[in-house]
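The structure appears right after this line, and notes come after that.
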Amino acid sequence: MRFPAIPSLLPRVADQSRVELGLARWAEAAQTIDDPALAALIRALPDDRDIGPLIRAVFGNSPFLSHCLETEPAFVKRMLDLGPDAMLEELLDGLSADLASESDQVRLMRVLRVAKRQGALLAGLADLAGAWSLEQVTHALSRLADTAISLALDALLRRAGDRGDLTLPDPVHPSVGSGIVILGMGKLGAFELNYSSDIDLIVLYDPDQLTYTGRKSVQECVVALTRDLVRVLDERTADGYVFRTDLRLRPDPSSTPAAVSLAAAETYYESFGQNWERAAMIKARQVAGDVETGTAFLKFLRPFIWRKSLDFAAIADIHSIKRQINAHRGSRTIAVAGHNVKLGRGGIREIEFFAQTQQLIWGGRQPELRLSRTVETLAALAQAGHVGTEVAQSLTEAYRYLRRLEHRLQMIDDKQTQTLPTDPALLDGIAAFMGHADFDEFAAALTVRLQTVEGHYAHLFEDAPALSAHGDLVFTGGDNDPETVHTLNSMGFGNADAVCSTLRGWHHGRVRATRSTRARELLTELTPTLLEALSNTAAPDDAFLRFDEFLGGLPAGVPLFSLFHANPTLLQLVAEIMGDAPLLSAHLARHPSLLDSVLQAGFFAPPPGLDSLIAELDRALEQADDFQQVLDVVRRWANDRKFQVGVLTLRAVISPAEAARALSDIAEAVIDRIAPRVEDEFARTHGRVPGGAWVILAMGKAGGREMSATSDLDLILIYDAPPESEESDGTRPLAVATWFARLTQRMVNALTAKTGEGTLYEVDMRLRPSGHSGPIASSLAAFARYQTEAAWTWEHMALTRARVVAGDPALTERIEAVLRETLTKRRDPDRLVTDVAEMRERIANEHKATSGWEVKHRRGGLVDIEFIAQTLQLAHGADHPGILSPNTAEALSRARAAGLLGLGDAAVLDEALALWSAVQTVLRQTLPGGFDERTASRGLKDLLARSAGLGDFKSLVDRMDDCAQAAFEVFTRLVDEPARRLRPPS
């Protein structure tokens, strides 16, 4: 017999009962053999001095190989006669001859499965007996896979030709000239296929070389053929399977068909290929198909794989591919039970990646490093001086030990596993199968190798900063990495699978910003920091989605990623915006160039005053050549300034009151500068009213300088013209009232129209005399007459907040005189308090506050406080004109100073007003809708508390309830109760 076993290399028997069972089944199998000579040989083998120990070792450790032995007695005899090397050649040659003209898929599948079983038995016995080295075992398994793939492809092409779908250039050798290329990747490509491995394939085709005569398309034909190929190899039948087959290493697998055209593949690798794909392509090898076409494609790939020179970013990206995988350092114990010898710490993947990263860095200039096999690569790196000789030797020894352990794990039941069991009895069995005296010896041997690998691996990247403190963050390949999903879950992402898929899409260039190699290299380095920052927002999934939207709107990624790389705090700020301020994030997504302004020295300084803002806007408007550009420039300037205020509010650089004043000044600057330009544009057609003048009166929040990020502009346009002016003096003259009405509408349009730079403000003109029923522009005389003769009390309340923000200075003085006269006239105090109470009751019925966070309408909220301030001004303006102020806080302060508001009540109202302003300012800056504390992010809750000067969110909620109750008591005492006493009994 030519199959001697080396006794010192044979594994111990893990389970003696399995041996007894195996021997009994062996004897039963011998009785079913018709050939007497073969039956006699089979019966005698267990007692053979050379082969018997090997058979017992199989029975005692591997149920799967035991089944193969029982099933293949004739093959066993032939194998023992020829020896493993000759038997392999005979197996492969016989398989090729048997299927040389096969086109029947059923028979093809059966024959291939029998051959796989025989090949697995041959490799297993040669491995256990010590007849083959690790390299011989993996090479034999890889050759068996090559043969199976090639024969399957030929049979399927032959069948397509027989059906009339394809015209084959050489029907005897169907692959020749077919234009179809099958690349073996990973361990198959490197002839390192393990015992129960997947085979990673990429199927490519050249549509110009295929003569397709079917009814569909070339692509559909090749994709269907590819699916049949996977079925032939992968499908489990009564005869087993051939090889589990994976197509996910093809270009962008989630968005490409199972077979990819050569042109599409070339475009992908030229434009979007990533460094991890370069690493994967190191092992690429044609295993089947058209050799000429495949050779040309692999030649095309060489510049992609082996870059002649690498800049810093590319080297950092190569390093960060693995540094995304958390490199644990130190002497922390590695638990043997449950350890994954491929993917775990110190495992096979770390050795492979140790070699591949060095190949990518140096292989472009040193062709001798362009090897696919791991052991050969380590030796070459040592020879070239890139790795110490001792390091290469220790990694090689560890690699061979771990691969042998991987094979033993898979031999037991033909399962695709690299994970050690946790059950002590099963661990004892693995120790025996590896040939160790006991588990302790096995654990010690394994641990020292894992620690050796881990130490060398961590040292390789010790000069690079750690990317993640949480665990694995791997976004390469075609599927989500389970450990990465676990890491993201632990960081607080609820939909980690979606995050992984989106990130892999970024790396595949599915957004414009990541379609350049450099952008993806920078992104690889930034990804862990980005995820860390987003995870700290406490609404990580929402923040991530907004960042994805932001990234999707960028024309290019390199400038932004470089900015983040140079300014890590900027990335933290962007994450904070994405997580806690949807309104700001939406604006940033539309205008990513704002990030440049964030880095300017004055960005985090308090906003300048009104005069400075107007001067700044004037400088910006110098670049506008026409009216449309005026609209765009004003919008860009205003929205950028509002964004700055939002960021300063988010970072608590300015108080809510300062934010409200800044937003009001921005609005006033816009109105002051855009209104005259609207008039100039309008006058080009309709001229001007001789001697006419106009002013714009701001009411409400704008008048009181209390605007939030989403405030409307409450405006009134008031004009005056000499009696003798009947119409404008333009080429298309208009009557005076019509001219000012049209001008007003043009101004409203200029403020509200949406352009390419977005919108400015919504404008509300319902506070003009007679509201909707009155003219859109009011003459000074009509305005004064209305306030004297027809205005309701609530209209005079609104007038307390009126302020001229643009227009003719002389007319401004006359308007202010009308306002002063109106607000300081003596009133019936009983009528006033009754009207105010009725108005407040009507508003309460129309706007019921369903949440305490509706700080405007809740009882004791902003409306109650504003009504108190307005009532005091109207009630006492005649005797104390100095209390008049459009700003609520200032009006209350002046009323207190005049002795019209008690110190206690003033303190209550001041505290409540400051609190409501803080809450409203933050919420309007950050949320597009209502606030729900059950779903709000922790970051937003913290910001609300911080803006209110409180330590935590719970304190804020309690303070809001206390302030509302206290302010409502003041309103009740000053307004409601006096009004109730005055009402006649019902």
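We number each residue from 1, following the sequence as shown.
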Where do [X] and [Y] come nearest, in terms of heavy atoms and distance?
X: I305; Y: R278; answer: O-NH2, 2.9 Å
X: A148; Y: V242; answer: CB-CG1, 3.9 Å
X: V485; Y: C500; answer: CG2-SG, 4.0 Å
X: F561; Y: A513; answer: CE1-O, 4.1 Å
X: W362; Y: L369; answer: CB-CD1, 3.5 Å

Between the main-chain N or O of [Y] and the side-chain N or O of [X], is there a donor-acceptor pair closer than 3.5 Å?
X: R250; Y: P253; value: yes
X: Y195; Y: A120; value: yes
X: H407; Y: T138; value: no
X: Q359; Y: L371; value: yes
X: D413; Y: K415; value: no
X: R370; Y: G363; value: yes

Discussion item. Name the residue from D200, V287, L183 that meets the side chain to side chain contact (heavy atoms under 4.5 Å, CB included) definition with L188.
Written reply: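 Result: among D200, V287, L183, V287 is the only option passing the side chain to side chain contact (heavy atoms under 4.5 Å, CB included) with L188.
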Item to complete: Decide yes or no on salt bridge (charged side-chain N to carboxylate O under 4.0 Å, His left out) for D98 and R107, but give the supporting numbers first.
Response: CA-CA 11 Å; D98 191 9; R107 184 174 184 276; 2.8 Å; yes
Discussion item. Could you check whether atom CD of E235 has more than 12 heavy atoms from other residues, nucleotides or ligands sitting under 6.0 Å from it?
Written reply: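 Result for CD/E235: enclosed.
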Item to complete: Answer yes or no: does atom CZ of R236 have more than 12 heavy-atom neighbours from other residues, nucleotides or ligands under 6.0 Å?
Response: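 Yes - once you tally the heavy atoms of other residues, nucleotides and ligands closer than 6.0 Å, there are more than 12.
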Less than 3.5 Å apart, any donor N or O on the side chain of [X] or [Y] sitting next to an acceptor on the other?
X: H486; Y: N489; result: no
X: T237; Y: R110; result: no
X: Q416; Y: D198; result: yes
X: S96; Y: D93; result: no
X: H139; Y: E192; result: no
X: T293; Y: D206; result: no
X: S175; Y: D154; result: yes

Worksheet item: Centres of the F544 and F547 rings: under 6.0 Å?
Response: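 Ring centres of F547 and F544 not closer than 6.0 Å.
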Item to complete: With rounding to the nearest 0.5 Å, note down the distance linking CD1 in I351 to OG1 in T374.
Response: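 Answer for the CD1-OG1 pair, I351 versus T374, is 8.0 Å.
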Is there a side-chain contact between [X] and [Y], using heavy atoms and a 4.5 Å cut-off?
X: Y399; Y: F354; result: no
X: S197; Y: Q410; result: no
X: K283; Y: R373; result: no
X: V218; Y: Y205; result: yes

Going by an N to O cut-off under 4.0 Å, is there a salt bridge joining [X] and [Y]?
X: E352; Y: K187; answer: yes
X: E135; Y: R400; answer: yes
X: R159; Y: D228; answer: yes

List the atom pairs, donor and acceptor, that lie under 3.5 Å between side-chain atoms in residues 219-227 and the rest of the protein, sequence neighbours left out.
unit_1, atom_1, unit_2, atom_2, d
E220, OE1, S217, N, 3.2
E220, OE1, S217, OG, 3.0
T226, OG1, V222, O, 2.8

Practice prompt. Name all pairs fulfilling the side-chain hydrogen bond (donor to acceptor under 3.5 Å, both in side chains) condition that reach into residues 543-561, sequence neighbours left out, sorted by first residue then second.
Written response: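 Output for this query lists W506-D548.
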Worksheet entry | side-chain hydrogen bond (donor to acceptor under 3.5 Å, both in side chains) between N194 and E406, intermediate numbers included | CA-CA 8 Å; N194 59 38; E406 179 183 43; 3.1 Å; yes
Item to complete: Find out whether the Lys NZ or Arg CZ of R285 is both under 6.0 angstrom from the six-membered ring centre of F191 and within 45° of the ring's axis.
Response: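 Because its charged atom sits under 6.0 Å from the ring centre and within 45° of the axis, R285 does stack over F191.
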